[in-house]
Number of protein chains: 2
Amino acid sequence: MTGSQTVTEVDGERDATQLILQDIQSGVYAPGTWLKQIDLETRYGRGRNEIRRALDRLALKRVVEHVPNRGYHVYLSDGKQWDDIAEIRIMLETGIAGKVIANATLADISGLRDLANRFQGLLLSGTVLELYEANLAFHRAYVDLAGNAELHSVIAELRQRTSSAPVSQWHTRSRIEVSAAEHHEMVDAIAEKDELRLKTLIEQHIRQK
Amino acid sequence: MTGSQTVTEVDGERDATQLILQDIQSGVYAPGTWLKQIDLETRYGRGRNEIRRALDRLALKRVVEHVPNRGYHVYLSDGKQWDDIAEIRIMLETGIAGKVIANATLADISGLRDLANRFQGLLLSGTVLELYEANLAFHRAYVDLAGNAELHSVIAELRQRTSSAPVSQWHTRSRIEVSAAEHHEMVDAIAEKDELRLKTLIEQHIRQK
DNA sequence: GTTGACAAAATTGGTACCAATCCTATTTAC
DNA sequence: GTAAATAGGATTGGTACCAATTTTGTCAAC
C-alpha cells in the first residue's frame with residue numbers, strides 16, 4: 001500500500017525539497033521509511049525530475065540516505081550524532097554572544113521578547129510543528145543579531161540534520177515549559193548585557209532540549 | 001569558443017561534482033565564469049543528467065550561483081562573506097581546542113607534525129593545489145582530534161564556500177611560509193597542552209591567511 | 001515445514017528528445 | 001549614424017521513455 005492522496009491544494013510555488021523535509025520533520029515519514037519516487041511524485045504533484053533533485057539535496061543534507069539501486073530512506077540519527085551537533089551549535093551560539101549583546105538595540109530585544117512570548121503562547125494551543133517553527137524563529141532572530149550572514153545558513157543546516165524526528169524531542173510538556181522560560185532568561189541576559197550568563201543559558205538550553 | 005578537450009583519461013569513478021569543484025579551486029574557471037552544461041558534458045565525459053546534478057549540488061554549497069533560464073556561474077565571493085566564514089571557523093576551531101588537547105596522544109601529535117612538515121615541504125616544489133590539499137589535510141587532522149564526526153563535514157563545507165579562488169589567497173610566498181610556521185607552532189602548543197596559546201594561534205592563523 | 005531456485009512485478013536511474021527562454025546579430029526606421 | 005525591432009541561434013530545463021537492478025511471490029525439492 002503505497003497510496004496517499006495529494007497533500008496539496010496550492011503548494012504552487014514551494015520547493016519539493018522543503019515539502020518533503022517538512023513532512024519528515026512532522027513525522028509523516030518515520031525514520032527508516034523508504035521514500036519511493038512514484039509516491040512522492042503523486043503526493044506532491046511534481047515531476048519525476050524535481051523529486052529526484054529534492055531527494056538528492058536531502059541526501060546531501062544527511063536528512064535521508066541514498067542506497068544505489070534501492071532508493072532513499074529517512075536517516076536514522078543516533079545519539080552520538082545528536083550530541084555532536086548540539087556541541088557545534090553551542091560553540092557557535094555562545095561564540096556570538098558578545099557580538100549579539102554589542103549589536104542588540106532596544107528594538108531588537110523587544111523583537112526577541114515577542115518571539116519568546118509567541119513560543120510560550122503556543123505552548124498550550126499549538127501543534128508540534130508550530131512550536132518547532134516558533135522555536136526556530138527565536139533562535140534565528142538571535143543568530144541574526146550577530147550580523148554574520150553565513151552563520152545563519154550553517155546553523156539552519158545543522159538543525160535540519162537532527163530534525164528527522166522533532167516529535168521525539170519535546171515529548172513532555174514540562175520540557176517545553178523550561179525551554180520557554182529559558183528563552184525569556186536569554187532575552188533578560190541580553191538586555192542586561194550579561195555575556196557570561198547568556199553563554200551559560202545557551203549551553204544549558206541547547207543541551208537539555 | 002566553447003571547446004576544450006576531455007580532461008580525463010580515467011576519471012572513471014570520481015564524482016563530477018568534485019571534478020568541477022576542483023577545477024574551480026584550481027582556477028580553471030575564474031569567478032564569474034558561466035558554466036555551460038554542454039561544455040562540462042564533453043569536458044568530463046558525463047551525461048547531461050550528472051552534470052545537472054553536480055551543478056545543483058555546487059549551487060547548494062554556494063560555490064556557483066544559479067540563475068533560472070540562464071545557467072550557473074562561479075560565485076563571486078565578496079570580502080564580507082570571507083570574513084563571516086573566517087569568523088565561524090575561528091569559533092569552531094578554537095572551540096574544540098580543549099578537547100583536542102585532552103584527546104591528543106603522542107601518536108596524534110606526531111601525525112600532525114608530519115602533516116605540518118609535508119605542507120612545509122611542498123612550499124618550494126608543490127603546486128597551488130597540492131599546497132591547498134596539504135593545508136586541508138592538516139586542519140582536517142586537527143579537527144578530527146576533537147572526536148566530533150559532524151564537525152568535520154561542517155568545516156569542510158565552510159571551506160568550500162570560500163575556496164572559489166584559492167589561487168588568489170596565498171599570493172605571496174612569505175604568507176605561505178608564515179602559515180607553515182604557524183602549523184608547527186600549533187603542534188607545539190598541543191604538545192605542551194597550552195590551550196590559550198593554541199586558541200590565539202588558530203585565530204591568528206585563520207584570519208591572516 | 002523449511003530452504004532454495006526461479007519467474008514476475010516494481011523501482012530506480014540514465015538517455016534522448018522537445019519546448020520555453022534568453023542572448024546575439026542583422027536589418028530597418030528615424 | 002544611431003537606436004529600436006526582428007529574426008536567428010544557442011542554452012537551459014522539463015517530460016517521456018527505456019534499460020538495469022532489485023525485490024517480491026510462487027513453486028519445487030529436501
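Throughout, a chain's letter reflects where its sequence line sits, starting with A, and its residues are numbered from 1.
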Plane angle bin for B:His139 and B:His183 - parallel if under 30°, tilted between 30 and 60°, otherwise perpendicular: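 Perpendicular: the ring planes of B:His183 and B:His139 meet at over 60°.
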Could you give the [atom1]-to-[atom2] distance, from [X] to [N], as a whole number of Å?
| X | N | atom1 | atom2 | answer |
| --- | --- | --- | --- | --- |
| A:His73 | D:dT23 | NE2 | C1' | 16 Å |
| A:Leu55 | C:dT11 | CG | C1' | 13 Å |
| B:Glu41 | D:dT12 | CD | C1' | 12 Å |
| A:Ile51 | C:dT11 | CD1 | P | 15 Å |
| B:Trp34 | C:dC22 | CH2 | P | 12 Å |

Side-chain heavy-atom pair A:Gln120, A:His184 within 4.5 angstrom cut-off: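 Answer yes - side chains close enough.
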Sugar-phosphate only, base, or nothing, as touched by B:Leu35 at under 4.0 Å among non-hydrogen atoms: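 Sugar-phosphate, backbone atoms only, no base.
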Side-chain donor-acceptor contact under 3.5 Å, B:Asp23 with B:Ser26: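 There is no such pair between these side chains.
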Donor + acceptor pair across side chains of A:Arg161, B:Ser153 (<3.5 Å):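 Side chains of A:Arg161 and B:Ser153: pair found under 3.5 Å.
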Can you check nucleotides 13-16 of chain C for protein contacts, nitrogen or oxygen pairs under 3.5 Å, and list what you find?
from, atom 1, to, atom 2, distance (Å)
C:dG13, OP1, A:His66, NE2, 3.3
C:dG13, OP1, A:Asn69, N, 3.1
C:dG14, N7, A:Arg52, NH1, 2.8
C:dG14, N7, A:Arg52, NH2, 3.4
C:dG14, O6, A:Arg52, NH2, 2.8

B:Lys99 NZ: over 12 foreign heavy atoms closer than 6.0 Å: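 For B:Lys99, atom NZ is not crowded (no more than 12 foreign heavy atoms under 6.0 Å).
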Gap separating the CD1 atom of B:Ile51 from the CZ atom of B:Arg43, nearest 0.5 angstrom: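 Output value for this atom pair is 10.5 Å.
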